[in-house]
Number of protein chains: 2
Amino acid sequence: MTTSEQMGFRALADPTRRNILQLLAHQSLTIAEVADNFDMTRAAVKKHLTVLQDGNLISVQVEGRTRLNALNPDGLQQLLSWFDFFDAFWDTRLNTLKSAIEKDMQ
Amino acid sequence: MTTSEQMGFRALADPTRRNILQLLAHQSLTIAEVADNFDMTRAAVKKHLTVLQDGNLISVQVEGRTRLNALNPDGLQQLLSWFDFFDAFWDTRLNTLKSAIEKDMQ
DNA sequence: TATATATGAAACCGAACGGTATCATGTCAA
DNA sequence: TTGACATGATACCGTTCGGTTTCATATATA
């Protein structure tokens, strides 16, 4: 059972992949463009992008011979929701803040 | 550079460790007690607990010959805060609505 | 068509990972 | 003190991981 959650957390486990996500937050980029930002082979970056895609953290739009990688906020949100399990353990101050936010979103 | 953030995300990458965290959310447990909940050696569970401690996700209180493992909400909270970077990308629906409204007001 | 460009894919390598088995250590209790 | 019990620690093993190198494929473009 390799759940989407598992793939997502695995994807976040590597610092390079977390950096890629922050890169793509600013702008969607092709593989070569992403690779320009790192001191490693394009092939290595491609592997990281595949892992990120498997974790549903990025979406890919093929356009001719290029491949545009975009951040997928939904995937990140799903991982975020895992933390909800621990809601009862956040500290009171934070709980208050959270309540305020949730109330604000109604 | 093995930052606390890196250790934290690495700790979350394994499903067994995430399960241990949820276990400890209900109740602090000794190593043997945690191990009772999994189909693996106590030594293996001990390793997982060490990784969780390195990631600052659990705290350990030694009491005589036993070792009580407790959830550390602060560590989880620190990992949660990593997601704040993407705040501008959350709630696409609301952002879309906001854009629509702004466009409409021009 | 020929060529440069962007990516796909596979083999390979050392290191880290998840797990086991085994033995050592410290502590409680009779 | 002796023995049971909870844990510490280490060696070992197969697999996965992060990375490189190399070559193949597809697509713009001159």
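A note on names: the letters A, B, ... follow the listed sequences, proteins ahead of strands, and every chain is numbered from 1. None of the values given here were measured: they were computed from a predicted structure. What you see below is based on every heavy atom in this structure, not just the backbone, and it leaves out hydrogens, waters and symmetry mates.
In this entry the distance linking CG of B:L49 with C1' of D:dA6 reads 13 Å, nearest Å. Put simply, CG on B:L29 is 14 Å from P on D:dA6, counting in whole angstrom units. Atom CG of B:L52 and atom P of C:dG18 are 11 Å apart (whole Å). Regarding B:L68, its CG atom lies at a distance of 14 Å from the P atom of D:dA6, rounded to whole Å. Separating the CG atom of A:D36 from the C1' atom of C:dT5 is a distance of 14 Å, rounded to the nearest angstrom. Computed from coordinates, the A:I31 CD1 to C:dA9 P distance equals 10 Å when rounded to whole Å.
Taking every heavy atom of both residues into account, B:N69 and B:T30 meet most closely at ND2-C, 3.8 Å. Contact record, B:I58 with B:L49: CD1-O, 3.5 Å, taken as the closest heavy-atom pair. Minimum heavy-atom separation, B:L57 to B:A11: CD1-CB, 3.8 Å. Heavy-atom minimum distance, B:N72 versus B:N56: ND2-O, 2.8 Å.
Summarising the geometry, atom CG belonging to A:N19 is positioned 9.5 Å from atom CG belonging to A:N37; distances are rounded to the nearest 0.5 Å.
For A:R42 (side chain) and A:V34 (main-chain N/O), no donor-acceptor pair under 3.5 Å exists by modelled atom type.
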Protein and nucleotides 25-30 of chain C: nitrogen or oxygen contacts under 3.5 angstrom:
{"unit_1": "C:dT27", "atom_1": "O2", "unit_2": "B:R65", "atom_2": "NH1", "d": "3.4"}

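Judged purely by distance below 3.5 Å, without hydrogens or angles, the side chains of B:R67 and B:Q61 never pair a donor atom with an acceptor atom.
Hydrophobic clustering (ILVMFWY, side-chain heavy atoms < 4.5 Å, transitive): B:L24 and B:L68 are in distinct clusters.
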(request) At under 4.0 Å between heavy atoms, which parts of nucleotides 9-24 of chain D does protein reach? Answer with one letter per nucleotide, 5' to 3': B base, S sugar-phosphate only, - none. (result) --B-----SSBBB---
